[in-house]
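What follows is one structure encoded as structure tokens, with my remarks underneath.
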Amino acid sequence: MSESTLVPLQRLREQLRTPRTSPILPTADSGAGAAEPLDRLGRPLRDLRISVTDRCNFRCSYCMPRDVFGSDHPFLPQSQLLSFEEITRTARIFMGLGVRKLRLTGGEPLLRRHLEKLITDLSGLRTLDGTPPDLTLTTNGSLLARKAQALKDAGLNRITVSLDALDDTVFKRMNDADFPVADVLEGIQAAQAVGLGPIKVNMVVQRGVNDEQILPMARYFRGTGVELRFIEFMDVGNTNAWKMDQVLPSSQVRQRIQGEFPLKPVAGQLQGETAERWAYADGLGSVGFISSVTQAFCGDCNRLRLSTDGQLFTCLFASRGHDLRPLLRAEHSDADIASGLRLLWAQREDQYSQRRAAQGTTTTPVQRIEMSYIGG
Ligand code: SAM
Ligand code: SF4
Ligand code: SF4
């Protein structure tokens with residue numbers, strides 16, 4: 001590491017150690033008639049993303065660059081993690097406010113010990129309609145081959161696997177952990193075999209890094225029942241040295257695919273969906289485009305994120321969280337906590353990506369939370 005990078009890195013590490021949060025307060029609000037709160041922009045709360053660990057066995061350069069997340073990085077101690085009981089209680093309260101989808105993420109969620117137990121508990125919850133939650137998980141796939149059956153047996157519905165290249169050299173350069181492509185593909189096959197579908201594969205596209213892998217990835221997954229989704233490289237966090245010129249707009253990714261395989265837009269896409277889906281004209285499946293940079297989709301964003309240590313973030317680009325632990329760890333009833341959470345959602349007015357798009361392409365120089373801390 002060069003001398004000149006020492007000071008900013010030091011400061012970055014300090015910031016990562018002390019995310020800014022404020023406690024959520026219970027309110028005396030009866031909440032009558034407001035079971036499903038809307039935020040200030042009229043958006044309902046539907047999707048809770050739960051980070052179960054801030055640790056990962058990969059060091060993807062766009063997420064946890066090794067020079068920042070080195071062997072001396074201060075990951076959260078076990079004592080600060082929410083317990084499975086606390087996570088399940090939180091999810092139950094949120095489902096009472098309208099949440100229907102629960103996504104486990106991280107860090108690498110399959111590193112959290114006994115995760116199957118949490119999945120079993122969460123799968124027993126019910127939405128306001130009395131249906132089970134749509135319970136899913138995002139993983140780098142490294143431990144999937146060995147865990148797929150146990151995850152399915154515990155009650156997981158489906159899975160999203162991240163894979164940025166089919167070429168081993170490119171993939172290993174990106175994951176910076178010498179992890180081979182073949183093991184992730186084996187994990188995807190195991191997940192398919194046990195019925196954890198429909199499976200989605202996320203590919204973060206970085207111009208000049210892995211964009212040559214777009215067509216090989218499309219050819220490989222076409223016709224397999226797996227939906228490949230291309231994600232624009234995002235300016236999330238403060239550590240990944242994001243630059244607009246490394247973003248390959250989804251429109252260009254789509255053009256490259258269309259050069260080989262004609263595509264047509266999928267009609268009737270769900271509100272709040274992050275990906276715009278296009279089907280192969282010959283019926284051999286579909287692909288998705290997550291264009292958070294070039295086509296912001298804040299307008300119907302219904303997602304809330306819960307960090308491993310109990311901070312709530314109303315936006316992926318938030319610089320401040322809301323600490324749930326004081327509420328969970330004092331003698332408050334679920335109804336009191338629900339009132340505090342309803343108020344938190346009602347005050348939400350985040351639309352970072354849309355504002356960034358309107359202001360141009362530069363990022364604001366504020367402290368933002370890391371993706372590996374709150375999950376994707
Ligand atoms: N470790 C798991 C994984 O990689 O799937 C779950 C956590 S990871 C933070 C969730 C998703 O965020 C992954 O699909 C990853 O590729 C994506 N991601 C991370 N950093 C990103 C960035 N800067 N831009 C776009 N996507 C990013
Ligand atoms: Fe780990 Fe996922 Fe981040 Fe890669 S994207 S470093 S696998 S948390
Ligand atoms: Fe939602 Fe924030 Fe992303 Fe907009 S920038 S889509 S509000 S998480």
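In this text the structure is predicted, and so the values were computed from the model without any measurement. Side chains included, hydrogens not; waters and symmetry mates left out as well; all remaining heavy atoms used. Both counts, for ligands and for their atoms, begin at 1 and track the order of listing.
- Across G107, G141, S292, heavy-atom proximity to atom 7 (C) of ligand 1 is greatest for G107.
- From the protein, the heavy atom lying nearest to atom 27 (C) of ligand 1 is M371 CE, 3.5 Å.
- The pair D39-R43 counts as a salt bridge, with a side-chain nitrogen and a carboxylate oxygen less than 4.0 angstrom apart.
- In this structure, M203 does not count as a contact residue of ligand 1, since none of its heavy atoms falls inside 4.0 Å of the ligand.
- The protein non-hydrogen atom at the shortest distance from atom 2 (Fe) of ligand 3 is C315 SG, 2.3 Å.
- Minimum interatomic distance between A318 and F313 (heavy atoms only, all atoms of both residues): CB-CD2, 3.9 Å.
- Taking the centre and axis of the six-membered ring of Y280, the NZ or CZ atom of R222 falls inside the cone set by 45° and 6.0 Å.
- For atom 6 (S) of ligand 3, the closest heavy atom belonging to the protein is R303 NH2, 3.5 Å.
- F58 and F179 have tilted rings, their planes meeting at an angle from 30° to 60° on a 0 to 90° scale.
- The aromatic rings of F69 and H73 lie tilted to each other, with the angle between the two planes from 30° to 60°.
- For the pair S372 and ligand 1, no heavy-atom separation below 4.0 Å is found.
- Not one N/O/S atom of C301, from backbone or side chain, sits under 2.8 Å from atom 4 (Fe) of ligand 3.
- Listed by chain and number, C63 SG are the protein N/O/S atoms closer than 2.8 Å to atom 3 (Fe) of ligand 2, with waters left out.
- Ion pairing of R89 with D334 is present here, as a side-chain N (NZ or NE/NH1/NH2) and a carboxylate O approach within less than 4.0 Å.
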